Amino acid sequence: MDVPGRADEARAIETWLDAGVSGPSMGVLGGDAGVGKSTIWSAALAAAKERSFRVLSCRSDLSETGLSYVGLGDLFAGLEGSEAVRGLREPLRGVLAATLWWEQAPGTPPHQRAVALAVLDLLRNLSAEGPVLIALDDLQWLDSATEVVLTFVLRRLTVEPVKLLVTLGAETEGDAWPTLVRVLPPERVTCWEVGPLAPLALAAVVESRYGTAFPRPLLRWLHRACGGNPLFGLETARAWSERSYPTGDLPLPESLRRLLRARVRALPPAVAEAVLVVACAETPTIALVRTAIGTLTGLAEAIARRLVVLEHESLRFRDPLLRNVVFEVAGPLRRREMHQRLARVVSDVEERARHLAATAGHTDPVVADTLAAAATLTAARGDPLTAGDMTAQAARLTSPGERELRLRRWRDAAGHLISGGDGSRALDILEDALRRCPPGPVRSEMLLRLGQAAFNSGDVAGSITRLERGRAEAAGRPDLLIPITTGLTYYCVHRGDLAAAQGHARELLRLTEASGNDDARGEAVSVLSTIEFIRGAPPPAAMPVPHRHNPVEHSLAVPHLYGFLCRCLGDLPAARAVFGALRTAVVEAGTVACADWGMAWATEVECLAGDLRAAARYADLAARAVEATGVPTSAALFTEALLLGMHGELGRARLLAGEGLRIAQTSGNRLAALSVRALLGFIDLSDGDPMAAVQHLDAAEQTSRSLGVVLDVVCPTAGADHVEALVQVGQYDQAAERVERIQRHVRVADRPLGRGLAGRAHGVLLTATGSPKRGAAELEAAVAEFSAAGAPFELGRALLALSRSQSRLRRREAARRTMERASRIFTKIGAEWWAGRDEPRSRLTPPDRLTVSEAQVAALAAEGRTNQEIARELAIGVKTVESHLSSVYRKLGVRSRTELALRMNSGRRTPGHG
């Protein structure tokens with residue numbers, strides 16, 4: 001049996017099927033609707049057929065419970081001409097044929113006892129041929145006539161090898177079980193409770209159905225939303241696919257809504273009131289239910305009905321989707337009355353404010369002030385999304401006559417939402433408020449927030465447009481012009497418009513110099529130096545470290561870009577310090593979502609530094625906005641895919657990175673798209689698909705040229721990966737050109753990490769083109785540089801390449817020691833998948849066979865063509881021909897063209913083919 005996430009259940013059922021018990025036995029699969037009982041049941045039927053069981057199956061439906069013998073008809077369908085039926089004694093064969101409409105029924109319907117006797121004899125005939133499995137899905141809906149007959153039969157079977165496998169809904173347990181389940185002695189009945197799926201198991205189910213990898217934060221969000229129920233999870237994921245990704249609360253799929261609505265409407269009044277308390281309360285407890293409604297009777301029954309789960313003193317819905325349905329069935333008046341009750345009894349200021357808000361009318365100054373004060377506390381506690389909701393509600397309840405206060409509350413609500421990562425809702429709020437906003441500084445501030453919201457929601461071009469409008473409204477106000485110009489600089493960098501970003505950075509420097517604020521001026525110098533460096537200028541000799549990290553009052557652009565610069569320079573200690581301070585600031589302020597690409601770059605830095613645990617912590621921060629809003633970002637997808645790649649989970653990494661690339665391209669974030677492209681190249685190279693890696697890294701090269709940036713600055717490891725991929729596909733000329741570009745960059749920014757990457761690239765190329773001794777020397781130098789840079793992961797990769805060079809030189813003992821050293825490094829940093837990798841796992845060709853390009857060159861050389869003639873015919877460079885021939889000689893063990901011609905024409909199979 002192969003059912004995703006159900007290995008334990010599958011093993012248990014297989015053991016039950018294999019047990020050779022004399023006489024009838026029964027297996028019962030119980031659980032909530034949609035939890036996957038029928039899926040397991042279907043897999044069990046297939047497993048039974050593999051074990052030579054005669055399988056008689058029936059799926060019951062609520063709409064057919066009133067029809068007689070529907071279940072028997074399904075169980076025995078297709079058996080009318082079988083030997084077992086023909087062997088029935090008369091009149092029992094005729095009774096069964098008439099009952100199941102195999103033959104014209106007589107005027108008087110057969111007596112039920114006669115039908116039961118016929119079925120008993122038929123099952124005895126069938127079991128004489130081999131074991132029989134009677135499989136009943138949704139037994140609670142089996143028609144009563146069939147159930148009576150099967151109950152009669154089970155009581156009379158003695159030694160026959162007959163097993164029953166049934167599924168039952170969670171609501172039909174204990175005394176409510178059908179008679180058929182209770183007819184056998186307890187020792188002959190085996191029960192399995194099918195519970196919710198674990199998050200990763202749910203991910204496997206969803207991804208196998210839709211072929212899309214969801215980021216883990218979104219899967220956790222989905223798991224909480226559906227309670228691990230696979231049917232609900234699939235329905236919810238389908239709704240996501242129809243709407244791309246959800247924003248805010250996702251509407252319940254109608255198919256599930258009908259099912260749950262019917263269940264809630266059938267509740268007794270006392271139970272309905274208790275579950276409404278649980279639905280309305282922020283933190284429902286037994287004490288709160290008793291205080292609010294004066295009794296626990298309804299709650300006790302709700303727990304018995306498996307609607308609500310009690311954990312210590314806290315309460316929660318067993319199925320999280322029930323909360324929305326309880327609200328819907330209760331209606332607005334009952335909800336309002338319950339919130340009024342709860343507002344009178346809860347002690348927490350924030351919870352009381354939320355209950356009051358649910359009871360307020362169009363305007364209510366007292367409730368509005370209460371909400372605004374509570375929102376301030378909520379934001380201080382690090383929950384900006386809830387603070388945004390509360391402040392927005394406060395703005396709605398503020399009197400229209402207090403226009404300035406109302407506008408300020410709308411602005412603050414949007415600011416909280418932006419900090420929490422929900423730029424889409426912030427945009428809606430601000431666009432509406434902007435229409436009521438007078439020209440001038442207030443409008444400029446609104447447009448500044450709008451620019452932040454647009455960027456946060458994935459509209460880079462829209463963020464720039466809004467800030468440009470805001471700058472026009474902020475004339476003469478340096479306090480507004482400086483943050484607006486900082487934002488323009490940062491957003492233009494992400495858009496890939498580096499010329500515009502550089503112009504804004506120079507204007508920012510002018511504004512800060514005029515302000516007389518030395519700290520602000522130093523930050524402007526930092527921003528301008530970063531942009532000039534990624535455009536190809538020499539790195540700055542020294543730069544002031546930015547001090548402002550408060551994301552509520554100031555832009556995060558400055559610390560982001562400074563950390564980015566340190567990363568690009570390969571100064572890992574400085575980058576770790578900057579991003580560590582940034583992490584502390586955003587965690588304390590609860591504004592992690594504002595720093596998603598900052599956290600992505602920090603993840604990359606920690607991976608380079610070999611601290612995968614720290615990298616995972618940054619990745620988790622980048623993912624928080626996804627978990628809170630349900631809207632994935634390219635940064636969160638990049639970080640998760642990077643970590644998966646470090647751990648060797650390359651298939652999932654590729655899917656997530658591909659989705660991250662799509663989001664980056666859609667949003668217009670070309671710098672992000674460039675980073676994700678480079679990551680995809682690394683993933684494909686690691687997975688043994690160098691051709692795909694070349695395609696991604698070629699595209700990254702082209703993009704970097706169009707943006708006017710140096711790829712080896714923006715994506716430091718991309719160049720070395722590019723060279724390795726080009727070498728593996730035999731494109732040696734292109735690899736040599738790429739090495740030269742890396743070396744030119746290293747001469748501009750002379751740092752250990754850059755020198756190590758250049759050395760690894762050059763050493764791999766030299767080894768592949770017949771100069772393993774020179775290649776080993778380059779790689780040994782690269783190993784020393786990576787050690788100095790504090791980059792153990794790249795050190796391990798360089799050692800892998802060095803081991804291959806040493807093997808080519810037949811220095812086998814040195815190669816073994818080098819390989820062991822690489823394995824120790826990878827194991828120490830937690831990248832165990834990389835430990836022990838001694839050769840690139842190329843999908844192209846084994847190392848002792850020629851690539852297609854090499855085979856073409858070898859064939860022409862064997863015909864007597866010169867290198868120049870071969871180059872012209874194959875449209876490649878002469879150096880490439882020479883490199884290919886060196887590789888061919890080494891692989892085929894020949895030393896001259898004469899030997900090559902003899903080898904190629906000797907009647908053996910053509911290298912590279914077959």
Side-chain angles (χ1 to χ4, degrees), residues 391 395 403-419 423 426-457 459-495 497 499-528 531 546-561 591 594 668:
T391 309
R403 186 175 72 168
E404 185 177 342
L405 176 60
R406 202 175 196 192
L407 284 172
R408 188 166 67 247
R409 282 175 173 168
W410 284 124
R411 179 204 64 194
D412 293 344
H416 290 314
L417 292 172
I418 293 166
S419 298
L427 273 174
D428 293 338
I429 286 172
L430 290 166
E431 291 287 7
D432 184 64
L434 191 66
R435 289 191 285 270
R436 301 177 177 84
C437 191
V442 176
R443 188 176 182 84
S444 176
E445 192 169 354
M446 284 285 187
L447 286 163
L448 171 59
R449 295 280 194 201
L450 268 168
Q452 295 168 344
F455 184 80
N456 185 279
S457 63
D459 182 6
V460 179
S463 67
I464 295 169
T465 300
R466 289 170 173 88
L467 287 188
E468 287 172 341
R469 288 168 57 196
R471 182 173 57 184
E473 298 271 359
R477 290 287 302 270
D479 58 319
L480 291 174
L481 286 171
I482 288 176
I484 287 173
T485 307
T486 302
L488 281 169
T489 306
Y490 186 63
Y491 301 154
C492 284
V493 167
H494 278 274
R495 190 184 186 185
D497 190 348
Q502 190 167 342
H504 291 310
R506 287 172 178 155
E507 174 63 13
L508 179 63
L509 181 58
R510 188 190 66 78
L511 288 168
T512 54
E513 286 175 339
S515 72
N517 186 323
D518 289 340
D519 284 344
R521 181 189 177 282
E523 291 169 356
V525 170
S526 170
V527 170
L528 180 58
I531 294 168
H547 299 289
R548 298 194 312 193
H549 294 293
N550 186 342
V552 176
E553 300 297 331
H554 301 289
S555 167
L556 288 173
V558 174
H560 272 186
L561 288 176
T591 54
C594 290

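Fair warning: this is a prediction, and the values are worked out from it, not measured in the lab.
- By the ring pair (Phe, Tyr, Trp, His ring centres under 6.0 Å) test, Phe455 pairs with Tyr490, Tyr491, His494, sequence neighbours left out.
- Side-chain contact check for Arg466 versus Glu431: some heavy-atom pair is nearer than 4.5 Å.
- Nearest heavy atom pair, residue Thr512 against residue Ala520, reads CG2-O, 3.6 Å.
- With rounding to the nearest 0.5 Å, the separation of OG1 in Thr465 from CG in Leu450 is 11.5 Å.
- The closest donor-acceptor contact from the side chain of Glu473 to the backbone of Pro441 lies at 3.5 Å or more, if one exists at all.
- At least one donor-acceptor pair under 3.5 Å links the side chain of Arg406 to the backbone N or O of Ala395.
- Proximity of a side-chain donor or acceptor of Ser444 to a complementary backbone N or O of Gly470 within less than 3.5 Å is detected.
- Using a 4.0 Å cut-off between a side-chain N of Lys or Arg and a carboxylate O of Asp or Glu, Arg510 and Glu507 qualify as a salt bridge.
- In this structure, the side chain of Arg443 engages the main chain of Cys437 through a donor-acceptor pair within 3.5 Å.
- Closest approach of Arg409 and Thr391 over heavy atoms only: O-CG2, 3.2 Å.
- Minimum interatomic distance between Ala454 and Gly462 (heavy atoms only, all atoms of both residues): CB-C, 3.9 Å.
- Scanning both residues, Ala505 and Val527, for their nearest heavy atoms gives CB-CG1, 4.2 Å.
- For the pairing with Leu508, the side-chain contact (heavy atoms from CB on, under 4.5 Å) check across Thr485, Leu528, Val525 returns one residue only, Thr485.
- With hydrogens and angles ignored, the 3.5 Å screen pairs no side-chain donor or acceptor of Arg449 with any backbone N or O of Glu445.
- The OG1 atom of Thr486 sits 9.5 Å away from the CG atom of Leu448 when rounded to the nearest 0.5 Å.
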Glu523/Ile482 under side-chain contact (heavy atoms from CB on, under 4.5 Å): CA gap, chis, key distance, verdict: CA-CA 11 Å; Glu523 291 169 356; Ile482 288 176; over 6 Å; no
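- The heavy-atom pair separating Ala426 from Ala453 by the smallest distance is CB-CB, 3.9 Å.
- Checked options Leu467, Ile531, Ile484; the residue passing with Thr489 is Ile531 (criterion: side-chain contact (heavy atoms from CB on, under 4.5 Å)).
- Between Leu430 and Ala414, the shortest heavy-atom contact is CG-CB, 3.4 Å.
- Checking side-chain atoms of Arg471 against main-chain N and O of Leu481 turns up no donor-acceptor pair under 3.5 Å.
- The line from CD of Gln452 to CG of Leu427 is 11.0 Å long, rounded to the nearest 0.5 Å.
- Rounded to the nearest 0.5 Å, atoms CE (Met446) and CD1 (Ile429) are 10.0 Å apart.
- Between the OG atom in Ser515 and the CZ atom in Arg521 there is a gap of 10.5 Å [rounded to 0.5 Å].
- In this structure, the separation between CG on Asp412 and CG on Leu405 is 9.5 Å, given to the nearest 0.5 Å.
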